[in-house]
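One structure is given here, and the rest of the page talks about it.
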Amino acid sequence: MRSSTSRTLVKEKRNEGRRTIASLRRRMILFFRPSSLVSRPSLFVLLFIVCCLALTGMASRPLPEVRIRKFKNNAYQLLVENKPYFIKGVCYSPVAIGQGNSEANFWQDPNQPWKVDGELMRQMGVNTVRFYQPPEDLEAGKKVVSDLYQLSGIRSIMGSWLGFWEYPCPSYADPAFRERIKKEVLDMVRAYKDEPGILLWILGNENNYSFGERVNPWPFPGSDQISDIRERSSRRANIYYSFVNELAKEIHKIDPDHPVALGNGELISLEEASGVCPDVDMAALIIYRGKTFGNLFKSLRMSWDKPVILSEFGADSYDAYLKKEDQNMQALFLEAQWKEIFKNSYPNKDGARNCLGGTMFEWTDEWWKHNESSPETWRAHDTESNWSNGSYYFDIKAERNMNMNEEWFGITALSEEIEQGINKRIPRKAYYVLRDFWKNPEVKSEKRKAKSEK
Amino acid sequence: MKNKSLKLLFIVFLAVSSQVSAQESGDNRLKALEEQLLANPKENVPALEELASLYFSAGQYNQFADFLGKLTKDKVQDCSLAAGYYLALCRYHQLRHLEEAQAWQEYFDKGADYREELFRQTRDIALNCPNSPFAIRAQTINWLEHKARNDGEREDSLNKVISLINGYVKQAQVDDIEVIKEAADILSREKETAFSKAAYNLYVNRMIAKEVSVDKLRHSAQEAYNQGNLELSEAIYERYLQLVAKFFSKDKFAAELTVLANEFSSGGPGKNSDPQYAERIFSALEESSGAEYFSQELQYSRAYNLERMKEYSRCAKEYEALVSRFASGASADKAAFKLGLIYAYILGQKEKGIVSWQKVIEHNNSLNYVLESLYHKSLILQYEGKVDEAVSGYEKIIQLAGENAAFRNIAARAALRQKEITGAKDMEYNLKIFLDSVLKEGLLNQSPLDLLVSPAKAGLGEDVKFSSRQPVLQTGCIAPELTYLWSGDLGEVDLAPVEPEFVSRYRYPGVKVVNLVVLSPAGVVGSALEMVEVDEK
């Protein structure tokens, strides 16, 4: 109810803008009548205004609610209602202890965990959450998005897996599959686009890892005849990214107010996207590189010059080598990562100035993750690792180098104690470190700062 | 029953009263130390050290800070007492304690003040008392805190630790050289290897400057070795060897190098090993005494050390030297057999591998290595389609093995291969994929796949664990489906495991060869081969 009222107000404001422009146009037409040309001394002023309007395109359409500004020096900035907006975000999938991912439907949880989480997030300084996929019940999803925005001022990024986790494996070359996914995506956009809390859309996540056939490989016409794996990968990239662009184009037709991002694992294959994704507005990258993103932002400039949000990154809080929780390690990595995000954002001159912010992984731990097919393990906070990443060097000496603990990525830990109907949230060290950092994001190195103070 | 209850009550009473009295005696000690210090602060540094540890163990950080305030009042930093150092140490421990206890409220409310105090005190000591051991200790704390904060000053702070140590050792009179070792130990623990080595070298220099005898020096090096501090041990041994090289006879010096090389080498008699350092000593030995100095055992130790370092090209060279210099020696067949494996499967030179195995077969000295060499030679022939020669090789194995239980495993493998040929069946899948993978270009030319074995030298019936490290794949946080194909001599494991690791045992001695290929849906991710030496221990 509250959301539709606000929406109406926003609409009214925009319509008011449209009416003003229309009235201005009418007045100009009057001015240009031959009889009035000589008699009006302010003609030159008006001519100037007309030129400005024509040049900026304002005369033809209102500005989108969320848009990307590109400066002369190629820096990018996200604007929401014409004001700079830096994404200080978190990925949000609050699955309760004892629930599995498929069973968990937090969207319809009568205890409304998003209200507790939204308040904690607001206190921390989070302004955006990222949802990977909306629920089947669109109304339930809209309520969560609306509550987060209305109660805590938190905007939502809504995404779609683009069928990546379906079985059998998705085939982006199959017209029927594409059509079905397209319908799903456009239904999502139609349902959510008028929610005031919506910030942008992310299409796909790490779907590009399927190009190399190690994850969810999919066939395309003639793929059997191509023996070179790189050629097959390149063809898949072309098919997939063209499909994403087609979706972006359609989204823009029905929703000119929110940008569309391409979700991608690392920078892999993005050079292929640069040729076929003119309608995609930005990259949304999933990056796990430890303490530093390295040359990521500059590399993106070279391969596909689009603004970027880091839509998934972070560090877990379990030391797989010492076999104990280590909140310091997590906080240290996250702070270092956020420093680089800020450093590479407008107006900081030291970086690539193409970063619009990030949504770190993730708000709460997820106890179901290690062995998702065994419900008996959903009540245990598993300490076994599912994957290895040498950039998280603290615990890379763990057995077989398996150091990434999927169930321990939360900025807040989950307690088995129930408070307000949900697992009590216990903010980890990273919560406080980032809260303080975001209040005053000093990206200039302290060494330089110390020198300049001297 | 009544007696029992009384007994229990008495025990409880004793426990409680002993705890109370311990508490009281602790409090008394604390008070006594405080009074002692307040009466005469400068003469009581050990008392301050003891007091600090009493407060820290009780978690009473603020109380200790208050006491230090009383002790110093508004006095300027006193270098002999260095209360500022203890205050910094107190805040450092307090911050770690808050982190450990996850007391984030206090950590974030007051942490900045504690940190500021820590930095201020440590800066003051380094500035006002640069020649005091407390300056090094304080600066080390300063660096540790910057490191914990991961801030931009950690690098400068670390450099300052080294520069203070440098300044300290340059003094004519250095009373406390252990402070250098303390700092070096911390640097080593924090994996600042270049800095810890520099600090240990400065420490050793000062040891030598104190006119320590070479025997004492060797003793210190051995002590550090026994404690597992190999960095310090090596730093002392380096200087020790430089000194003794000047007056030891050539033979005595060579004998000393031999002892050390063996001690540090992989698979040697020492309890700690550093294969890289061992190889440096082997090289020094070769340089000073020539290759001919190396006995068969020493030559094998060097080759084996290189094998464990996975320096296969250099290792092959050393095994070659052994085979040619000690052709009829006890280790010659083992070395030649391993040489065959390294050439054929790792270095991608199968012809050289076959030549090496052929030498073992012709030498016909150790039946174990003859059979293994025949098997691998026949395996390659089978793979290449030279089935008649392969069948004859396998037949010979079965015939030579006879009913000997020790060779039952190799006879069974030979019989299996023979059946594949006579039955026109494909070779065992895992083995075939391994040979496909390695015979084309050799393991060294492929993307590295780490296969670990522990222990690499095992006794009969001892558990041996094989494990493969996770290969680095660009799949982000998505774990791809990987298939682990094990083959070779898997010991008591009947079915080839499909997991990335397994444990097995071997009942008979010899060099056991285990192969692994890791497959993803996109094809071979990598291959690896490991050798385990099984002996009667």
Side-chain angles (χ1 to χ4, degrees), chain A residues 164 205-206 208-210 212-217 229 232-233 264-266 268 286-288 291 312 314 325-328 331-333 335-336 339 361 385-390 393 398-404 406 409 413 426-429 431-433 435-436 444-451, chain B residues 95-96 98-109 111-112 119 123 146-159 190-191 449-452 454 465-484 499-501 518-525:
Chain A
F164 191 59
N205 196 52
E206 291 178 308
N208 56 313
Y209 287 128
S210 66
E213 302 184 11
R214 282 186 174 141
V215 181
N216 291 4
I229 194 164
R232 284 206 300 268
S233 171
N264 207 74
E266 274 285 339
I268 299 165
I286 294 89
I287 308 286
Y288 288 93
K291 223 159 85 173
E312 200 190 299
E325 187 181 22
D326 186 352
Q327 298 194 18
N328 285 331
L332 186 132
F333 276 109
E335 190 186 21
K339 275 185 181 170
F361 189 79
S385 160
N386 298 53
W387 51 294
S388 167
N389 189 326
Y393 52 85
E399 214 169 323
R400 296 187 51 247
N401 298 133
M402 299 294 275
N403 64 331
M404 303 301 279
E406 275 285 337
F409 272 83
I426 304 166
R428 288 207 168 99
K429 184 183 180 185
Y431 175 97
Y432 300 98
V433 168
R435 180 193 67 182
D436 291 358
K444 194 162 69 166
S445 78
E446 289 181 37
K447 196 172 163 183
R448 280 182 48 192
K449 191 176 83 179
K451 275 183 185 161
Chain B
L95 286 162
R96 299 294 83 77
L98 292 173
E99 282 176 347
E100 197 64 33
Q102 297 177 12
W104 302 128
Q105 205 61 46
E106 185 180 348
Y107 184 87
F108 284 93
D109 287 351
F119 289 142
R123 262 198 311 265
H146 281 302
K147 188 170 188 278
R149 292 270 296 154
N150 190 33
D151 63 26
E153 286 180 63
R154 64 191 184 282
E155 210 176 300
D156 285 349
S157 180
L158 178 56
N159 288 326
E190 298 294 322
K191 310 275 182 256
L449 181 69
D450 261 340
L451 173 57
L452 306 175
S454 177
K465 185 177 180 182
F466 296 91
S467 60
S468 149
R469 283 199 179 136
Q470 181 77 359
V472 179
L473 300 173
Q474 280 202 312
T475 55
C477 57
I478 306 174
E481 287 290 329
L482 297 176
T483 313
Y484 294 83
E499 300 298 321
E501 59 185 30
V518 177
L519 283 180
S520 80
V524 173
V525 172

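Naming: A, B, ... by sequence-line order, numbering from 1 per chain.
Neither the backbone nor the side chain of A/R232 comes within less than 4.5 Å of any heavy atom in chain B. Looking at A/M404, there are no atoms closer than 4.5 Å to chain B (heavy atoms on both sides), in backbone or side chain. Only the side chain of A/N328 comes within less than 4.5 Å of a heavy atom in chain B; its backbone stays farther off. For a residue to count as touching a neighbouring chain, one of its non-hydrogen atoms must lie under 4.5 Å from one of that chain's; by this rule B/K465 touches chain A with the side chain only. Residue A/F333: no heavy atom, backbone or side chain, is found under 4.5 Å from chain B. If you measure heavy-atom distances from A/I268 to chain B, the contacts under 4.5 Å come from the side chain alone. Heavy atoms of A/E266 lying under 4.5 Å from chain B are absent altogether. Of the two parts of A/Y288, only the side chain, counted from C-beta on, holds a non-hydrogen atom closer than 4.5 Å to a non-hydrogen atom of chain B.
Heavy atoms only, all atoms of each residue included: B/N150 and A/A336 are closest at ND2-CB, 3.9 Å. Shown here for B/S468 and A/R400, the closest heavy-atom pair between the two residues is O-NE, 2.7 Å.
Each of B/Y107, B/F108, B/W104 was evaluated against A/V433; a single residue qualifies, B/F108, per the side chain to side chain contact (heavy atoms under 4.5 Å, CB included) test.
Separating the NZ atom in A/K339 from the CG atom in B/D151 is a distance of 7.0 Å, to the nearest 0.5 Å. With rounding to the nearest 0.5 angstrom, the CD atom of B/E100 is 9.0 Å from the CG atom of A/D326.
Heavy-atom pairs under 4.5 Å with chain B peak, among A/N208, A/N389, A/V215, at A/V215.
A heavy-atom distance below 4.5 Å is not found between the side chains of A/E399 and B/S467.
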Task: CA sep, side-chain torsions, deciding dist, call: B/Q102, A/I426, side-chain contact (heavy atoms from CB on, under 4.5 Å) - done: CA-CA 10 Å; B/Q102 297 177 12; A/I426 304 166; 5.8 Å; no
